[in-house]
**Student:** 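The structure that follows is given in the form of structure tokens.
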Amino acid sequence: MSPIQAPTLDYTSETYKDAYSRINGIVIEGEKEAHENYISLTKLIPDYEEDLLRLSKMEARHKKGFEACGRNLAVSPDLDFAERFFADLHNNFQVAAAEGKIATCLVIQALIIECFAIAAYNIYIPMADDFARKITEGVVKDEYSHLNFGEVWLQENFEAVKAEVETANKENLPLVWRMLNQVEKDAKVLGMDKDALVEDFMIQYSGALENIGFTTREIMKMSMHGLVAA
Ligand code: PL3
Ligand code: FE2
Ligand code: FE2
Ligand code: FE2
């Protein structure tokens with residue numbers, strides 16, 4: 001159907017389905033944790049409770065959409081793998097939430113995880129089967145609005161939270177790099193290139209830091225902290 005679809009991908013092959021079981025598990029778990037994280041944030045930012053609940057509902061819908069993508073290919077998502085994949089980021093979010101660190105929570109969920117999702121979904125869309133492509137196109141539009149929520153709050157509170165954002169970046173960006181290395185092989189089977197993922201992530205993420213108020217010089221320095229672990 002789609003002229004840009006790679007002709008070499010066989011969505012019914014065991015190789016494709018095996019890789020898809022882990023990637024599909026990751027996105028299902030990622031959407032589930034995003035749903036929970038936005039609910040946790042309602043306690044920390046009660047002024048935005050209504051918005052945050054709306055975001056959390058979108059995440060629950062995304063999860064359902066990706067579950068359908070797996071079912072459509074007769075793949076069972078590997079959720080145990082996915083839980084381990086997110087464990088460190090998830091733990092950092094929960095520690096920050098317990099300490100009332102709003103900026104850290106927003107850096108982890110609304111900036112890092114959403115930029116990771118936007119990059120992954122954008123790279124996946126041209127390679128996806130017809131069913132998953134339609135679902136993912138709808139999802140990625142929502143993810144931009146989640147990123148925007150974080151940008152706006154952090155920008156409005158920039159002077160007060162600047163140092164906390166820098167620390168959260170330093171502690172969490174290296175985790176994303178490790179996660180990218182962990183999915184590289186499976187992503188390749190789905191027709192997704194790691195360099196393209198990294199590039200798209202960095203474009204989204206540095207754009208977000210710029211919107212929040214960081215200078216180009218500061219953004220370069222903050223990006224280096226991620227690369228250290230690569
Ligand atoms: C937030 O709304 C969602 C969080 C999901 C995180 C997704 C990370 C995906 C990394 C794996 C790369 C392959 C993507 C394939 C898309 C189906
Ligand atoms: Fe989502
Ligand atoms: Fe999201
Ligand atoms: Fe430094």
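Note that ligands are numbered from 1 as they come in the structure, with each ligand's atoms numbered from 1 the same way.
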**Student:** Taking the minimum heavy-atom distance to atom 7 (C) of ligand 1, which of Phe201, Tyr124, Tyr121 ranks first?
**Tutor:** Tyr121
**Student:** Evaluate the side-chain proximity of Pro77 to Phe66: yes if any heavy-atom separation is below 4.5 Å, no if none is.
**Tutor:** no
**Student:** Test of understanding: given a 4.0 Å heavy-atom threshold, classify the contact between Met192 and ligand 1 as side chain, backbone, both, or neither.
**Tutor:** side chain
**Student:** Ile113 heavy atoms, cut-off 4.0 Å: which ligand 1 atoms fall inside?
**Tutor:** 4 (C)
**Student:** Looking at every non-hydrogen atom in both residues, tell me the closest pair between Met58 and Ser145 and how far apart they are.
**Tutor:** CE-OG, 4.1 Å
**Student:** Do the non-hydrogen side-chain atoms of Ile108 and Cys105 ever get within less than 4.5 Å of each other?
**Tutor:** no
**Student:** Specify the protein heavy atom at minimum distance from atom 1 (C) of ligand 1: its residue, its atom name, and the distance to 0.1 Å.
**Tutor:** Glu114 OE1, 3.4 Å
**Student:** Could you tell me whether a side-chain N or O of Asn172 sits under 3.5 Å from a main-chain N or O of Ala168, the two making a donor and an acceptor?
**Tutor:** yes
**Student:** Could you go through residues 114-126 and list every donor-acceptor pair under 3.5 Å that involves a side-chain atom there, pairing it with any protein atom two or more places apart or in another chain?
**Tutor:**
residue, atom, partner, partner atom, Å
Glu114, OE2, Tyr38, OH, 2.8
Glu114, OE2, Gln109, NE2, 3.1
Glu114, OE2, His146, ND1, 3.3
Tyr121, OH, Glu31, OE2, 2.7
Asn122, ND2, Ile118, O, 3.3
Asn122, ND2, Tyr144, OH, 3.0
Tyr124, OH, Tyr20, OH, 2.8

**Student:** So, Glu164 and Thr104: side-chain donor and acceptor under 3.5 Å apart, yes or no?
**Tutor:** yes
**Student:** Are Ile203 and Val140 connected, step by step, through hydrophobic side chains (Ile, Leu, Val, Met, Phe, Trp, Tyr) whose heavy atoms are closer than 4.5 Å?
**Tutor:** no
**Student:** Identify which protein N/O/S atoms are less than 2.8 Å from the Fe ion (ligand 3).
**Tutor:** Glu59 OE2, Glu114 OE1, Glu114 OE2, Glu143 OE1, His146 ND1
**Student:** What is the nearest protein non-hydrogen atom to atom 12 (C) of ligand 1, stated with its residue, atom name and distance?
**Tutor:** Ala120 CB, 3.7 Å
**Student:** Hydrogens and angles aside, do Asn72 and Tyr11 bring a side-chain donor and acceptor to less than 3.5 Å of each other?
**Tutor:** no
**Student:** Heavy-atom distance to atom 3 (C) of ligand 1: which of Gln109, Glu31, Glu33 wins?
**Tutor:** Glu31
**Student:** Can you tell me the protein heavy atom closest to atom 15 (C) of ligand 1 and the distance?
**Tutor:** Ile23 CG2, 3.4 Å
**Student:** Side chains of Leu89 and Ile113: closer than 4.5 Å at any heavy-atom pair?
**Tutor:** yes
**Student:** Give the residue, atom name and distance (to 0.1 Å) of the protein heavy atom nearest atom 10 (C) of ligand 1.
**Tutor:** Phe116 CZ, 3.7 Å
**Student:** Would you please test Glu67 and Lys63 for salt bridge (Lys or Arg N to Asp or Glu O under 4.0 Å) and show each step?
**Tutor:** CA-CA 6 Å; Glu67 283 167 346; Lys63 175 171 174 277; 3.0 Å; yes
